[in-house]
*Asks:* 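Sharing a structure here in structure tokens format.
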Number of protein chains: 2
Amino acid sequence: MARKPLTKPRKTATQERARVTVDALVEATARILVKEGFDKASTNRIAEEAGVSVGSLYQYYPSKEALVAAVIDRHNDEIMKVVTAAFAEVAPLPVDQAVRRLVAVAIEAHQIDPRLHRVLAEQIPRTGRLADVEAFGRQTYAMFSAYLEAHRDELRMADLNMAAFVSVTSIEALAHTAVLNGPQKLGRDTVRELVDEATRLVVGYLL
Amino acid sequence: MARKPLTKPRKTATQERARVTVDALVEATARILVKEGFDKASTNRIAEEAGVSVGSLYQYYPSKEALVAAVIDRHNDEIMKVVTAAFAEVAPLPVDQAVRRLVAVAIEAHQIDPRLHRVLAEQIPRTGRLADVEAFGRQTYAMFSAYLEAHRDELRMADLNMAAFVSVTSIEALAHTAVLNGPQKLGRDTVRELVDEATRLVVGYLL
DNA sequence: CTATAATACGAGCGATTGCTCGTATTCTCC
DNA sequence: GGAGAATACGAGCAATCGCTCGTATTATAG
């Protein structure tokens with residue numbers, strides 16, 4: 001047998017304590033990203049925050065980038081769960097009701113962990129995970145496109161792809177900007193007004 | 001006389017060759033940001049690319065951040081010039097024509113230097129110049145708000161601030177996404193179609 | 001209990017970073 | 001031409017970074 005004396009290291013954990021370590025690392029990374037920013041998130045700092053040694057960190061994540069990617073994936077999954085559920089729920093509804101619900105969900109989704117979302121939105125590109133985020137966008141776009149296809153008879157326009165692009169981009173931008181750059185606390189009233197306006201914007205465009 | 005024997009260093013240049021150096025630095029920074037990314041833009045690398053020594057760099061810019069800020073300011077000025085001119089030109093026009101022109105200008109503005117714009121949009125937050133960008137957004141928002149105010153009689157809505165927020169955010173997002181994440185080359189036809197759709201979206205909302 | 005695998009540890013290496021400072025060159029003005 | 005100011009230079013320092021690897025500890029299996 002040639003070689004394999006050591007190393008096969010960076011892989012999945014089998015014991016329970018290992019899983020605890022892995023979790024602590026991801027959580028510590030998210031915490032540091034939010035509280036101290038991307039630049040401060042060094043591997044040494046993350047390991048310290050997680051109460052773990054650097055060595056252990058590198059047993060499970062081959063690079064700092066992988067760790068950040070894990071945080072991103074986790075956050076994306078959380079959001080996609082909400083969004084996917086919303087599309088399922090909305091499938092049988094007419095356009096005006098569906099859009100209203102989707103707008104509300106978009107805002108909710110952005111409120112899941114706004115500060116983390118902001119850091120990720122800002123820093124994701126440089127981690128090389130840009131593809132993931134574009135995939136995320138495309139997925140939303142695809143679901144919306146499918147919804148429009150199914151409700152084509154309600155619409156007056158020909159180019160459904162264009163319609164989906166315009167709608168998704170606008171809704172996403174409004175939710176994003178309102179939650180991240182708007183007033184610190186979005187009161188119930190403001191949210192309601194925003195949902196009204198965004199719905200009017202998109203429904204008026206589609207019908 | 002107590003002290004001021006040396007140093008007062010990081011400041012404006014008086015001689016011509018100094019101005020050349022300063023320009024070379026800013027241009028080199030922009031070039032590296034575009035071609036190699038933010039991480040590769042070290043002070044040593046920038047100085048090298050500019051054909052200048054690190055020492056000279058630090059005579060004019062107190063930090064790497066200041067240098068990036070200079071690039072950002074330059075780019076912002078370029079865009080604001082176009083946008084401001086557009087608002088002036090559009091002031092007397094009715095809403096539908098005005099919006100169409102503004103949408104077209106938004107796309108044009110994003111096409112000024114798309115790759116630099118992308119890098120800056122991605123990296124700006126971490127440079128601490130976030131405030132500048134928000135100010136930029138606010139300026140556009142303010143101009144649009146003023147336009148709506150002046151054409152209030154054409155509109156049917158009460159909350160002009162909300163209307164401006166929704167309009168500006170949508171237009172900006174559509175232009176941004178289309179130029180930066182869309183097909184590599186936006187053909188004339190695609191641009192025209194996009195302008196049509198975005199105009200319809202916003203005009204339908206405002207009127 | 002013992003052997004082995006899995007996990008955890010952390011000092012520290014090599015590379016790179018932002019930046020300083022003593023020195024050399026060039027310009028300006030008399 | 002010469003003195004002093006402005007500009008340019010670049011070796012190199014202190015700090016930090018991502019990451020490795022030899023060792024210590026803990027769990028699992030026979």
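The chains referred to below are lettered A, B, ... by the order of the sequence lines, with proteins before strands, and numbering in each begins at 1.
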*Asks:* Can you tell me if B:T14 touches the phosphate of D:dT7, counting only side-chain N or O atoms and a distance under 4.0 Å to OP1 or OP2?
*Replies:*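 Checking D:dT7 against B:T14, a side-chain N or O does come within under 4.0 Å of OP1 or OP2.
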
*Asks:* Not counting sequence neighbours, list each pair that qualifies as a salt bridge (charged side-chain N to carboxylate O under 4.0 Å, His left out) and has a residue in residues 166-177 of chain B.
*Replies:*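 Found none.
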
*Asks:* Can you find a heavy atom in the side chain of A:V68 that is under 4.5 Å from one in the side chain of A:F38?
*Replies:*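 Yes, close enough: below the 4.5 Å cut-off.
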
*Asks:* Using whole Å, report how far CZ of B:F38 lies from P of C:dG18.
*Replies:*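 Nearest whole value for this atom pair: 9 Å.
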
*Asks:* Run the ring-ring contact (aromatic ring centres under 6.0 Å, His included) test against A:F165 and tell me which residues pass, sequence neighbours left out.
*Replies:*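 Applying ring-ring contact (aromatic ring centres under 6.0 Å, His included) to A:F165 gives none.
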
*Asks:* In whole angstroms, how far is the P atom of D:dT20 from the NZ atom of A:K64?
*Replies:*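 A:K64 atom NZ is separated from D:dT20 atom P by 15 Å.
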
*Asks:* B:K40 has an atom NZ; how far is it from atom C1' of C:dG18, in whole Å?
*Replies:*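 Rounding to the nearest Å, NZ of B:K40 and C1' of C:dG18 are 18 Å apart.
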
*Asks:* Between A:Y58 (OH) and C:dG12 (C1'), how many Å, whole number?
*Replies:*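 To the nearest whole Å, that distance equals 14 Å.
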
*Asks:* What is the distance from CG of A:D39 to C1' of C:dT16, rounded to the nearest Å?
*Replies:*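 Interatomic distance, CG of A:D39 to C1' of C:dT16: 15 Å.
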
*Asks:* Going by the rule side chain to side chain donor-acceptor pair (under 3.5 Å), which residues pair with A:R200 if we only count those two or more places apart in sequence or in a different chain?
*Replies:*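 Result, side chain to side chain donor-acceptor pair (under 3.5 Å) vs A:R200: none returned.
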
*Asks:* Rounding to a whole Å, what distance do you find between A:R19:CZ and D:dA27:C1'?
*Replies:*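 Rounding to the nearest Å, CZ of A:R19 and C1' of D:dA27 are 14 Å apart.
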
*Asks:* Distance check needed: C:dT17 C1' versus B:Y61 OH, whole Å only.
*Replies:*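 Taking atom C1' of C:dT17 as the reference, OH of B:Y61 is at 21 Å.
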
*Asks:* Take the angle between the ring planes of A:H151 and A:Y147 and call it parallel below 30°, perpendicular above 60°, tilted in between.
*Replies:*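 Correct class here is parallel.
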
*Asks:* Side-chain contact test, heavy atoms from C-beta onward, threshold under 4.5 Å: evaluate it for A:M157 versus A:M162 and give yes or no.
*Replies:*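 A:M157 does not reach A:M162 side chain to side chain.
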
*Asks:* Which atoms of nucleotides 24-27 of chain C (N or O only) lie under 3.5 Å from a protein N or O atom, and what are those distances?
*Replies:*
none

*Asks:* Measure from CD1 on A:I46 to P on D:dC17 and round the result to the nearest Å.
*Replies:*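 My rounded result for the distance is 11 Å.
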
*Asks:* Under the criterion side chain to side chain contact (heavy atoms under 4.5 Å, CB included), which of A:V195, A:L201, A:V103 is the partner of A:L174?
*Replies:*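 Exactly one pass, corresponding to A:L201.
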
*Asks:* Taking for each residue the nucleotide of DNA chain C with the nearest heavy atom, is it B:A41 or B:E16 whose nucleotide lies nearer the 5' end?
*Replies:*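 Here B:A41 is the residue nearer the 5' end.
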
*Asks:* Base, sugar-phosphate, or nothing: which does A:T43 touch, judged by heavy atoms less than 4.0 Å apart?
*Replies:*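 Counting heavy atoms under 4.0 Å across all strands, the contact made by A:T43 includes a base.
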
*Asks:* Name all residues meeting the ring-ring contact (aromatic ring centres under 6.0 Å, His included) criterion together with B:H110; count only those two or more places apart in sequence or in a different chain, and write none if there are none.
*Replies:*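 Residues passing ring-ring contact (aromatic ring centres under 6.0 Å, His included) with B:H110: B:H117, B:H176.
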
*Asks:* Other residues, nucleotides and ligands only: do more than 12 of their heavy atoms fall within 6.0 Å of CZ on B:R115?
*Replies:*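 No, because the 6.0 Å sphere around CZ of B:R115 holds 12 heavy atoms or fewer from other groups.
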
*Asks:* Under 4.0 Å from OP1 or OP2 of D:dA8: is there any side-chain N or O of B:Y60 that close?
*Replies:*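 The answer is yes; a side-chain N or O of B:Y60 sits under 4.0 Å from OP1 or OP2.
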
*Asks:* Using the 3.5 Å cut-off, write out each protein N or O paired with an N or O of nucleotides 9-11 of chain D and the distance between them.
*Replies:*
residue : atom : partner : partner atom : Å
D:dC9   : OP2  : B:S53   : N            : 3.1
D:dG10  : N7   : B:S53   : OG           : 3.4
D:dG10  : N7   : B:G55   : N            : 3.4
D:dG10  : O6   : B:G55   : N            : 3.3

